[in-house]
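Heads up: the structure comes next, in structure tokens.
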Number of protein chains: 2
Amino acid sequence: MPSVCQDCRVRHEGICAVLSPSELRHLARNARHTHHDAGEGLALESGEINGYANVTNGAVKLSRVLRDGRQQLVGLQFAPDLMGRLFRAESPLSAEAASDVELCRFPRGVLEALVASSSNLKQRLLDQSLHDLDEAREWMVTLGRKSAAEKVASLLLLVAKRSGGGSDDSITFDMPIGRADMADFLGLTIETVSRQVSKLRHSGVIAISGHRHVKVLSLRALKDRAG
Amino acid sequence: MPSVCQDCRVRHEGICAVLSPSELRHLARNARHTHHDAGEGLALESGEINGYANVTNGAVKLSRVLRDGRQQLVGLQFAPDLMGRLFRAESPLSAEAASDVELCRFPRGVLEALVASSSNLKQRLLDQSLHDLDEAREWMVTLGRKSAAEKVASLLLLVAKRSGGGSDDSITFDMPIGRADMADFLGLTIETVSRQVSKLRHSGVIAISGHRHVKVLSLRALKDRAG
DNA sequence: ACGACCATTTGATCAGGATCAAGGAACTTG
DNA sequence: CAAGTTCCTTGATCCTGATCAAATGGTCGT
């Protein structure tokens, strides 16, 4: 196994899981691990870098900004997701580290060559993009038809699912994004998000410490409020 | 070439375009052309039918409904799109004929076997799902961050692009969906959609006859208003 | 052509969330 | 440890789009 992959957290997940030893070696030879502080722009799509990357740690936010500055987050990527729009050099999306992030980057051509030769990899990417499509459509319902209260509950639920840890009706996790990004994800303002979070706190559905650390006290109640 | 495909409008587009003659024959042997009136439910996802279909004519709307009846359209499919969620028997989406629709249906297993054996087909499906994902994310911006006026202009533009016909700064097309579906697509009410359409008409950006037939008088003005 | 029905348009009022404006709590920096 | 900065919370008011209500127009069947 390539030495860079030796202690990689996502070695057996994501796209690396479906590569043969020789394919993995080839990819590893061209890969480079990088660290990025929270808030840093990740110029994968446009500009010089022009490649792909596995998220190996942390969370990345994908967003689209309108000419006048209005912003909408269109996705959150966690390990072991692959970042970058396949087969397209330019994408209107911008990516930014939501928390501190570790990436495993590789050049465009290397991955695309692997995709062309590996049916497993192609299948894996098809699965991910179908899954992302399901999530995006689910989110369209949230954006288009839910009230502010339901939107906030839906987002907490979304992150809770990803973060995993917790018992049956109670989960604890850290929000990878602040109130401003939550607002941009939900199509709301900061103030409205804050008010709705407070409402959930006051009604005992969640408990919060340090703005980011969330404990869901009743998962059932939260689901009810998510619409 | 299989006789059913002989005069098929989408023979050289969509997934059929990438199949070898023998693969196409195999698919055609198991395919069945069906007609559906506007408004008819297309139970591809749930229930008995349980298969896939190529849209060969007309437009299909994909929607998601919340328990309390609120509805959000999450996509419009035109020829030669493939309908049906790959590799998943159940999907929370429902499909309905927006206009009169012609489908070319085939059983789940037949297509999935072809996908497993044809790298070209897998590539084609990957391309479509990446494209659908781009569209869904684009729409998230519209739903989350645009005003009612911008939403309606965006939808007209979306359909105009698909429908193609027209000169440089002026396009004519038929809306495949009525005001109610437009509202469900945009996360608005019928009344708001109607008011915004009227506003566009009164300011000379579009002309309308028979509610459905739209002539864009100034594409530039429409784009400006789409945000 | 006539009337019934349906979709759309238009009008009046209401409310949810945006905007404007202060405060408060937690993390930097000296 | 204090001061500054940043992020979050809370309050007051406003406005966009929802809701309620009615009118108009187009289509279809007879």
Side-chain angles (χ1 to χ4, degrees), chain A residues 37-39 61 66 68-72 96 98-100 142-156 174-203 206-214 225 227, chain B residues 37-39 61 66 68-72 96 98-100 142-156 174-203 206-214 225 227:
Chain A
D37 293 332
K61 54 189 219 216
L66 259 21
D68 61 5
R70 281 175 291 177
Q71 183 170 192
Q72 174 70 46
E96 190 178 306
S99 56
D100 283 11
T142 300
L143 287 171
R145 285 299 178 206
K146 291 189 184 176
S147 68
E150 292 170 327
K151 283 179 175 181
V152 170
S154 300
L155 179 54
L156 292 176
D174 281 303
M175 267 286 149
I177 57 178
R179 299 289 183 269
D181 285 332
M182 291 174 69
D184 281 340
F185 206 1
L186 296 166
L188 297 171
T189 58
I190 294 182
E191 294 93 326
T192 300
V193 171
S194 180
R195 272 184 253 271
Q196 297 301 334
V197 169
S198 297
K199 211 172 275 181
L200 286 171
R201 191 157 38 79
H202 291 136
S203 43
I206 60 174
I208 294 188
S209 46
H211 297 318
R212 293 287 188 104
H213 191 73
V214 178
R225 286 165 191 251
Chain B
D37 293 332
K61 53 188 219 220
L66 259 20
D68 62 4
R70 281 176 290 177
Q71 183 170 190
Q72 175 69 47
E96 190 177 304
S99 56
D100 284 12
T142 301
L143 287 172
R145 286 299 178 206
K146 291 189 185 175
S147 69
E150 291 170 328
K151 284 179 174 180
V152 170
S154 299
L155 178 55
L156 292 176
D174 281 302
M175 268 287 149
I177 56 179
R179 298 289 182 271
D181 285 331
M182 290 174 69
D184 281 339
F185 206 2
L186 296 166
L188 297 171
T189 57
I190 294 182
E191 294 93 326
T192 299
V193 170
S194 179
R195 273 184 253 272
Q196 297 301 336
V197 169
S198 295
K199 211 172 277 181
L200 286 172
R201 193 156 39 79
H202 290 136
S203 43
I206 59 173
I208 293 188
S209 45
H211 297 316
R212 292 289 187 103
H213 192 73
V214 178
R225 285 166 191 249

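Note on naming: letters A, B, ... go to the chains in the order of the sequence lines (proteins, then strands), and numbering restarts at 1 for each one. Because the structure is a prediction, the values reported are computed rather than measured. Side-chain atoms are counted along with the backbone in the values below, which use heavy atoms only and exclude waters and symmetry mates.
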request  = With rounding to the nearest 0.5 Å, note down the distance linking NZ in B:Lys151 to OG1 in B:Thr192.
outcome  = 9.5 Å
ask   = Is A:Ser198 touching bases, backbone alone, or none of the nucleic acid, heavy atoms closer than 4.0 Å?
value = sugar-phosphate
inquiry  = Run A:Lys61 and A:Asp184 through side chain to side chain contact (heavy atoms under 4.5 Å, CB included) and show every step you take.
reply    = CA-CA 11 Å; A:Lys61 54 189 219 216; A:Asp184 281 340; over 6 Å; no
key: Passing candidate, side chain to side chain contact (heavy atoms under 4.5 Å, CB included) with B:Phe185, options B:Leu155, B:Thr142, B:Leu143   = B:Leu155
key: Axis bend over the full length of the helix from C:dA1-D:dT30 to C:dA22-D:dT9, computed from five pairs that close each end, to 10 degrees   = 50°
Beyond-backbone contact of B:Val197 with B:Met182, side-chain heavy atoms, under 4.5 angstrom = yes
message = Checking the side chain of B:His213 only, and the main-chain atoms of B:Ser209 only, is there a donor and an acceptor separated by less than 3.5 Å?
response = no
note = Min and max contacting nt of DNA chain C in 5' to 3' order, chain B heavy atoms within under 4.0 angstrom, are C:dT8 to C:dA12
task = Measure the spacing between CD1 of A:Ile206 and CZ of A:Arg225 and express it to the nearest 0.5 Å.
result = 9.5 Å
key: Along DNA chain D, first and last positions that approach a heavy atom of chain A under 4.0 Å   = D:dC8 to D:dA12
inquiry  = Suppose we screen for side-chain hydrogen bond (donor to acceptor under 3.5 Å, both in side chains). Which residues come up paired with B:Asp100, at least two apart in sequence or across chains?
reply    = none
task = Please confirm whether the backbone N or O of A:Leu188 pairs with a side-chain atom of B:Arg145, one donor and one acceptor, at under 3.5 Å?
result = yes
task = Kindly give the heavy-atom pair with the smallest separation between B:Ala98 and B:Ala38, and that separation in Å.
result = O-CB, 3.7 Å
Reported CG-to-CZ distance for the pair A:Asp174 and A:Arg212, which is rounded to 0.5 angstrom = 8.5 Å
ask   = Going through the checks in order, is the side chain to side chain contact (heavy atoms under 4.5 Å, CB included) test met by B:Lys146 and A:Leu66?
value = CA-CA 9 Å; B:Lys146 291 189 185 175; A:Leu66 259 21; 4.2 Å; yes
note = So NE2 of B:His211 and OG of B:Ser194: to nearest 0.5 Å the spacing works out to 8.5 Å
request  = Spell out, as yes or no, whether a donor-acceptor pair under 3.5 Å connects the side chain of B:Ser154 to the backbone of B:Glu150.
outcome  = yes
query = How long is the span from the CD1 atom in B:Ile208 to the CE atom in B:Met175, to the nearest 0.5 Å?
reply = 8.0 Å
request  = Select from A:His211 and A:Thr192 the residue whose nearest nucleotide in DNA chain C is closer to the 5' end of that strand.
outcome  = A:Thr192
request  = Please list, by residue number, the residues of residues 143-151 of chain A whose heavy atoms come closer than 4.0 Å to an atom of DNA chain D; answer none if no residue qualifies.
outcome  = none
ask   = More 5' along DNA chain C: B:Ala180 or B:Arg195, using each one's nearest nucleotide?
value = B:Ala180
key: Least distance between heavy atoms, A:Val152 atom then A:Gln196 atom   = CG2-CB, 3.7 Å
task = Please work out which residues in residues 181-189 of chain A have a non-hydrogen atom less than 4.0 Å from an atom of DNA chain C and list them by number.
result = A:Gly187, A:Leu188, A:Thr189
